[in-house]
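Read the structure below first, then the notes.
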Amino acid sequence: RKLILQGLTPLGRTLNESGFGYTSWPEAFLKIQADDFIRRALKLPGQPELFGRRNTLRNQRGDPLAEIVEILRPATGQSAGGSGYPGSAR
């Protein structure tokens with residue numbers, strides 16, 4: 001519980017490392033333009049397009065543990081004019 005509340009590592013990683021059994025149920029995928037808050041949090045230059053998902057983590061009985069919106073930072077080696085994801089060049 002302490003590690004989860006500290007929020008220093010992704011929740012899934014914390015659960016995996018603790019051996020806690022859960023399943024991940026992605027329910028929606030999204031593409032957003034990074035705003036100032038997200039740019040600062042992810043230490044990004046400019047205003048890149050970012051991808052993510054709405055995900056529900058469930059225990060072994062299928063009860064929801066957490067509903068999460070995950071935003072991914074761009075892939076390394078991103079080319080100019082694209083987001084760094086396949087099929088996303090402008």
Side-chain angles (χ1 to χ4, degrees):
R1 180 173 174 91
K2 181 180 175 184
L3 292 174
I4 292 170
L5 294 175
Q6 285 177 336
L8 299 175
T9 59
L11 179 56
R13 181 186 309 161
T14 301
L15 295 175
N16 288 337
E17 289 175 356
S18 72
F20 188 86
Y22 73 97
T23 56
S24 176
W25 294 51
E27 298 185 34
F29 295 89
L30 53 110
K31 177 172 75 169
I32 64 167
Q33 192 76 34
D35 64 7
D36 288 338
F37 176 81
I38 293 171
R39 281 188 320 98
R40 283 192 305 271
L42 298 178
K43 298 180 174 101
L44 301 172
Q47 290 186 310
E49 286 182 335
L50 301 173
F51 295 84
R53 66 183 179 175
R54 181 182 175 278
N55 194 17
T56 302
L57 302 183
R58 297 179 182 271
N59 65 18
Q60 294 173 338
R61 292 183 311 224
D63 301 323
L65 298 169
E67 293 185 1
I68 302 167
V69 173
E70 302 167 316
I71 299 172
L72 303 174
R73 69 175 56 248
T76 57
Q78 173 176 321
S79 60
S83 64
Y85 295 90
S88 64
R90 295 178 196 187

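Source: prediction; values computed, not measured.
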Nearest heavy atoms of Arg61 and Asn59, plus distance in Å: N-OD1, 3.0 Å

Least distance between heavy atoms, Ile38 atom then Asp35 atom: N-OD1, 2.9 Å

Test side chain to side chain contact (heavy atoms under 4.5 Å, CB included) applied to Asn16 - qualifying residues, sequence neighbours left out: Tyr22

Set of side chain to side chain contact (heavy atoms under 4.5 Å, CB included) partners for Pro64, sequence neighbours left out: Thr56, Arg58

Nonpolar side-chain network containing Leu3, other nodes, edges under 4.5 Å: none

Hydrophobic cluster membership, Leu8 vs Leu11, 4.5 Å side-chain cutoff: no

Joint hydrophobic cluster, Ile68 plus Phe37, side-chain heavy atoms closer than 4.5 Å: no

Those residues that, when tested against Thr9, pass side chain to side chain contact (heavy atoms under 4.5 Å, CB included) (two or more places apart): Arg13, Thr14

Heavy-atom check, side chain of Leu44 versus side chain of Leu50, under 4.5 Å: yes

Leu30 side, atom CG; Glu49 side, atom CD - distance, nearest 0.5 Å: 12.0 Å

CD on Gln33 to CD on Gln47, rounded to 0.5 Å: 6.0 Å

Single-linkage hydrophobic cluster, 4.5 Å side-chain cutoff, Leu72 and Phe29 together: no

Results of side-chain hydrogen bond (donor to acceptor under 3.5 Å, both in side chains) for Asp36 - residues two or more places apart only: Arg39

Counterpart residues, side chain to side chain contact (heavy atoms under 4.5 Å, CB included), relative to Gln60 (two or more places apart): none

Listed partners of Arg1 passing salt bridge (charged side-chain N to carboxylate O under 4.0 Å, His left out), at least two apart: none

Same apolar cluster: Trp25 and Ile71, side chain cutoff 4.5 Å: no

Co-membership, hydrophobic cluster, residues Leu5 and Leu65, 4.5 Å side-chain: no

Side-chain (Arg73) to main-chain (Leu42) donor-acceptor, under 3.5 angstrom: yes

side-chain hydrogen bond (donor to acceptor under 3.5 Å, both in side chains) partners of Arg40, counting only residues at least two apart: none

Close side-chain approach of Arg53 to Ser24, heavy-atom, < 4.5 Å: yes

